There are 2 protein chains.
Amino acid sequence: MSLTAGRSRDPSRGQERAARILDVTEDLLLRHGARRVTVEDVAVGANIGKGTVYLHWETREKLFAAVFDRAVAQAIAELLAAMRVQPSTCLPHQFAHDYFLAVMHRPLLRGLLVADQELLGRLARQHDPAWDERHHLVSDRYFWLLAEHGMLRTELGPDEVAYAFQATFEGFVRAEGELVDGGGAAARAAAQPAVANLERRADLLARTVELAFESNRPVAADELRLLAADVVDLFTDLVDRRGFADLVDRAELGTPAAS
Amino acid sequence: MSLTAGRSRDPSRGQERAARILDVTEDLLLRHGARRVTVEDVAVGANIGKGTVYLHWETREKLFAAVFDRAVAQAIAELLAAMRVQPSTCLPHQFAHDYFLAVMHRPLLRGLLVADQELLGRLARQHDPAWDERHHLVSDRYFWLLAEHGMLRTELGPDEVAYAFQATFEGFVRAEGELVDGGGAAARAAAQPAVANLERRADLLARTVELAFESNRPVAADELRLLAADVVDLFTDLVDRRGFADLVDRAELGTPAAS
DNA sequence: CGTATGACCAATTATGAAATCTGGTCAAAA
DNA sequence: TTTTGACCAGATTTCATAATTGGTCATACG
C-alpha cells in the first residue's frame with residue numbers, strides 16, 4: 001500500500017508527504033467542510049495509514065490549521081513575488097489590490113476571513129491568538145515603515161491607518177459581489193464574468209485605499225525599491241515563523257486552490 | 001397591517017399597544033436571542049393574550065422583523081434630527097460618524113449588521129430583498145446627490161463611492177474593538193472606557209471617509225442647508241415606507257435600546 | 001534499528017422515537 | 001367589535017442507544 005515505507009533517511013521525502021496530506025486535506029475541506037472531514041478520509045486520500053498523519057501533526061485541528069496556514073503563506077508568497085518584480089506593489093493601494101485578489105481567489109482564505117461556519121466548523125472563532133498578535137505587529141510595522149518613507153498622508157497616524165486599512169480591506173472582502181455597472185438598473189441581472197467583477201472590486205478598493213491613506217508624494221524608483229525590500233523582509237519573517245518559509249523562497253505561485 | 005385595539009374608536013390606542021409589544025419583544029430578543037423568544041413570552045410580557053399579538057403581526061417572524069425595522073428607523077430618525085440641527089451631518093464623513101455611533105449603540109443593529117447568529121436565529125440571512133433593494137436605491141441616490149453638489153471627489157463615480165462607502169462602513173462596524181492608543185504595546189490591556197474607544201473608531205471612520213470620498217471644496221452654508229434638506233427628504237421617504245414615519249416626524253431620539 | 005500501520009478504545013457524535021413545546025387559529029367571552 | 005386562551009398540527013427537545021471517529025501504541029515491516 002505504501003510506496004516509500006520505512007526506508008527513508010531523506011527528510012525531504014517526509015516534507016513531500018506532508019504536502020500531499022495537506023493537499024488532500026485542503027481538497028476535502030473545500031468539498032465537505034471541516035465538520036465532515038475525518039482523519040481517516042485524509043489518510044485514505046493520501047494513501048497512507050491513519051497513524052502516519054499523526055506523525056506530522058499531533059491533532060486533527062492542527063492539521064486543519066496547517067492547511068490554512070499554508071494558504072495564507074501561499075497568498076503572501078504570491079504577493080511578495082509580485083513585489084519583487086514590481087516594487088510599487090509595496091504601496092498600500094497596490095498591496096490591497098493584489099492581496100484582495102489573492103484572498104478572493106482562494107476559497108480557503110475567503111472562508112477564513114468571513115469566518116465561514118460551514119467551512120471552518122468549530123475552528124471558526126478559535127483563532128490562534130499568537131498569530132493575531134504577530135499579524136498585528138507586522139501590520140503595524142508595515143505602516144510605520146510607510147510613514148517613515150513619507151508614503152502616508154499625515155492626517156492619520158500609522159497605527160490609525162493600520163486599523164482603518166484592516167477594517168476597509170475586510171469590508172471589501174465581505175461586501176456583496178454585486179458591484180453593478182454605472183449603466184443604471186438595467187444591467188442588474190446582466191451576468192458579467194465573476195472574475196471581471198472581482199477585478200473591479202479590487203480596483204475600487206485600491207483607489208479607496210490610495211485616496212484615503214497615501215500621500216501623493218512622487219517617489220524615486222530607488223527609494224521605492226528599497227522600501228519594497230524592507231517590506232518583503234518584514235512579511236518573509238511573518239511567514240517564516242509559520243514553517244512555510246520555503247514557499248516564499250521558491251515564490252510558489254501555483255494552484256490557488258480555487259475550484 | 002395592524003388594526004385598532006381595545007374598547008376604543010381611537011386608533012392611537014392600538015399604536016400604543018403595538019409599541020409596547022415591540023418594546024417587550026426587543027427586550028426579550030436582546031436578552032435571550034430570537035431562538036428562545038416565544039410569542040407566549042411576548043404576550044405575557046405585554047399583559048395581553050397571545051392572539052392579540054397576531055392582531056398586529058401575522059407571523060412571529062414579522063413581529064421580529066418589525067422590531068428590527070423600528071430600530072433602523074430610530075437610528076435614521078436620530079440621524080435626520082442631527083442633520084436638521086447641523087446640516088453638515090449630511091456630508092459622508094459626518095454621516096458615517098453619526099450613523100456608526102447610532103448603530104454601535106444599538107445592540108439590535110450591531111447584531112443585524114454582523115449577522116449575529118445568536119441574536120437573529122434563523123432570521124440571520126433572511127433579508128427582505130425588497131428592503132435591500134430600497135436601501136441600495138436610497139444609498140445610490142444619496143451619493144448621486146452629493147456628486148451633483150460637487151461634494152465628492154471626481155476620481156470615483158457616485159455608484160462606486162456608494163459601494164466603497166458601504167463596504168468601509170461595514171468593515172468598521174465589524175472591526176475588532178481594539179483600537180489601541182498610539183502609545184505603544186503597554187497600553188494594550190489598559191481598559192479605556194468602551195464608549196471612548198467607540199468614539200475614536202467613529203472618528204477614524206469619519207476621517208477615512210472624508211479623505212477617500214469627499215472633495216475638499218468649500219461649501220456655502222446655504223447650499224449645505226439645501227443639500228441637507230434633500231437628504232432628509234430622501235431618507236424620510238425610506239423610513240416612511242416601513243411604517244415608522246412617525247418616528248422621523250417626532251424625531252424620536254429616546255432610548256437607543258442599549259443595555 | 002527506525003518508520004509506518006491499522007486494530008483498538010474512550011469519547012464524541014449520530015439516530016430516532018417519544019415527550020414536550022410552540023406558532024398560529026378560531027369559537028367563545030367580554 | 002375586540003380580545004382571548006384552549007386547541008392542534010407540526011416543530012423542537014429529550015434521552016437512551018448505536019455508530020463513528022480522534023488519537024494511541026503494539027506490531028509489522030524494510
Side-chain angles (χ1 to χ4, degrees), chain A residues 1-22 24-25 28-29 32-67 117-118 120-124 126, chain B residues 1-22 24-25 28-29 32-67 117-118 120-124 126:
Chain A
M1 202 164 284
S2 63
L3 325 168
T4 76
R7 174 85 277 127
S8 63
R9 201 160 318 284
D10 180 6
S12 83
R13 195 77 194 148
Q15 296 285 58
E16 195 177 299
R17 187 176 60 187
R20 209 169 69 242
I21 296 175
L22 288 179
V24 171
T25 308
L28 292 174
L29 236 27
H32 308 299
R35 187 171 313 235
R36 270 169 278 223
V37 175
T38 74
V39 178
E40 181 82 33
D41 292 341
V42 171
V44 169
N47 285 320
I48 56 178
K50 185 165 66 157
T52 306
V53 174
Y54 288 92
L55 258 32
H56 291 269
W57 295 275
E58 51 196 42
T59 238
R60 186 178 86 127
E61 307 254 306
K62 284 184 180 171
L63 164 61
F64 288 174
V67 172
Q117 200 68 36
E118 184 64 27
L120 297 177
R122 64 181 25 152
L123 231 69
Q126 186 185 344
Chain B
M1 192 180 296
S2 63
L3 287 187
T4 55
R7 167 80 278 121
S8 65
R9 211 156 314 288
D10 179 8
S12 82
R13 190 82 193 147
Q15 297 285 57
E16 195 177 301
R17 188 177 60 188
R20 209 170 68 242
I21 296 175
L22 289 179
V24 171
T25 308
L28 292 174
L29 237 26
H32 308 300
R35 187 168 318 227
R36 270 167 275 213
V37 175
T38 74
V39 177
E40 181 82 31
D41 292 340
V42 171
V44 169
N47 285 318
I48 56 178
K50 185 164 67 156
T52 306
V53 174
Y54 288 93
L55 257 32
H56 292 269
W57 296 276
E58 52 195 38
T59 240
R60 186 178 86 128
E61 306 255 306
K62 284 184 180 171
L63 165 61
F64 288 174
V67 172
Q117 200 68 37
E118 184 63 27
L120 297 177
R122 64 183 25 152
L123 229 70
Q126 187 185 344

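Proteins get letters first, then strands, A, B, ... in listed order; numbering begins at 1 in each. These figures come from a predicted structure and were not determined experimentally.
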Task: Shortest non-hydrogen contact between B:Ala65 and B:Leu123, atoms and distance - done: N-CD2, 4.5 Å
- [ ] Would you give the length of the straight line joining atom CZ of B:Phe64 to atom CZ of B:Arg122, rounded to the nearest 0.5 angstrom?
- [x] 11.0 Å
TODO: Kindly give the heavy-atom pair with the smallest separation between A:Arg20 and A:Ala46, and that separation in Å.
DONE: NH2-O, 3.0 Å
Task: Rounded distance in Å - CD1 (A:Ile21) to C1' (C:dT3) - done: 13 Å
- [ ] Kindly say if A:Thr59 contacts the phosphate of D:dG23, meaning a side-chain N or O under 4.0 Å from OP1 or OP2.
- [x] yes
- [ ] Identify, residue by residue, the members of residues 37-49 of chain B with a heavy atom below 4.0 Å from DNA chain D, and return them in order of residue number, or none.
- [x] B:Ile48, B:Gly49
Distances under 3.5 Å only, N/O to N/O: pair up the protein atoms with those of nucleotides 10-13 of chain D.
{"unit_1": "D:dT12", "atom_1": "OP1", "unit_2": "B:Arg122", "atom_2": "NH1", "d": "3.0"}
{"unit_1": "D:dT12", "atom_1": "OP1", "unit_2": "B:Arg122", "atom_2": "NH2", "d": "3.0"}

Open item on the list: Once rounded to the nearest 0.5 Å, what's the spacing between atom CD1 of A:Ile21 and atom CG of A:Leu63?
Closed with: 7.5 Å
Task: Euclidean distance, atom NZ of residue A:Lys50 to atom P of D:dT21 [Å, nearest integer] - done: 9 Å
TODO: Begin from the C-alpha positions of B:Thr25 and B:Leu28 and carry the test side chain to side chain contact (heavy atoms under 4.5 Å, CB included) through to its verdict.
DONE: CA-CA 5 Å; B:Thr25 308; B:Leu28 292 174; 5.8 Å; no
Task: Atom of B:Glu118, atom of B:His32 and distance for their closest heavy-atom approach - done: OE2-O, 4.5 Å
Open item on the list: Measure CD/A:Glu58 against C1'/D:dG23 and give the value in whole Å, please.
Closed with: 11 Å
- [ ] Please list all pairs passing the salt bridge (Lys or Arg N to Asp or Glu O under 4.0 Å) test where one or both residues lie in residues 40-58 of chain A, with sequence neighbours left out.
- [x] A:Glu58-A:Lys62
- [ ] State whether B:Arg17 places a side-chain N or O below 4.0 Å from either non-bridging phosphate oxygen (OP1 or OP2) of D:dT2.
- [x] no
TODO: Return the value, rounded to whole Å, for the distance between atom CG of B:Leu28 and atom P of C:dT22.
DONE: 13 Å
Open item on the list: I need the CD-P distance between A:Glu61 and C:dT12, as an integer number of Å.
Closed with: 13 Å
- [ ] Look at the side chain of A:Arg17 and the backbone N and O of A:His56, then say whether any donor-acceptor pair between them is shorter than 3.5 Å.
- [x] no
Open item on the list: What is the separation between atom CZ on A:Arg60 and atom P on D:dG22, rounded to the nearest whole Å?
Closed with: 5 Å
TODO: Using the closest heavy atom to pick a nucleotide of DNA chain D for each, name whichever of A:Gly51 or A:Arg36 lands nearer the 5' end.
DONE: A:Arg36
TODO: Before giving the answer on side chain to side chain contact (heavy atoms under 4.5 Å, CB included), spell out for A:Trp57 and A:Leu22 the whole-Å C-alpha distance, their side-chain angles and the decisive distance to 0.1 Å.
DONE: CA-CA 11 Å; A:Trp57 295 275; A:Leu22 288 179; 3.6 Å; yes
Open item on the list: I want to verify a distance call: between C:dG23, D:dG23, D:dT4, whose nearest atom is closest to the B:Tyr54 side chain?
Closed with: C:dG23
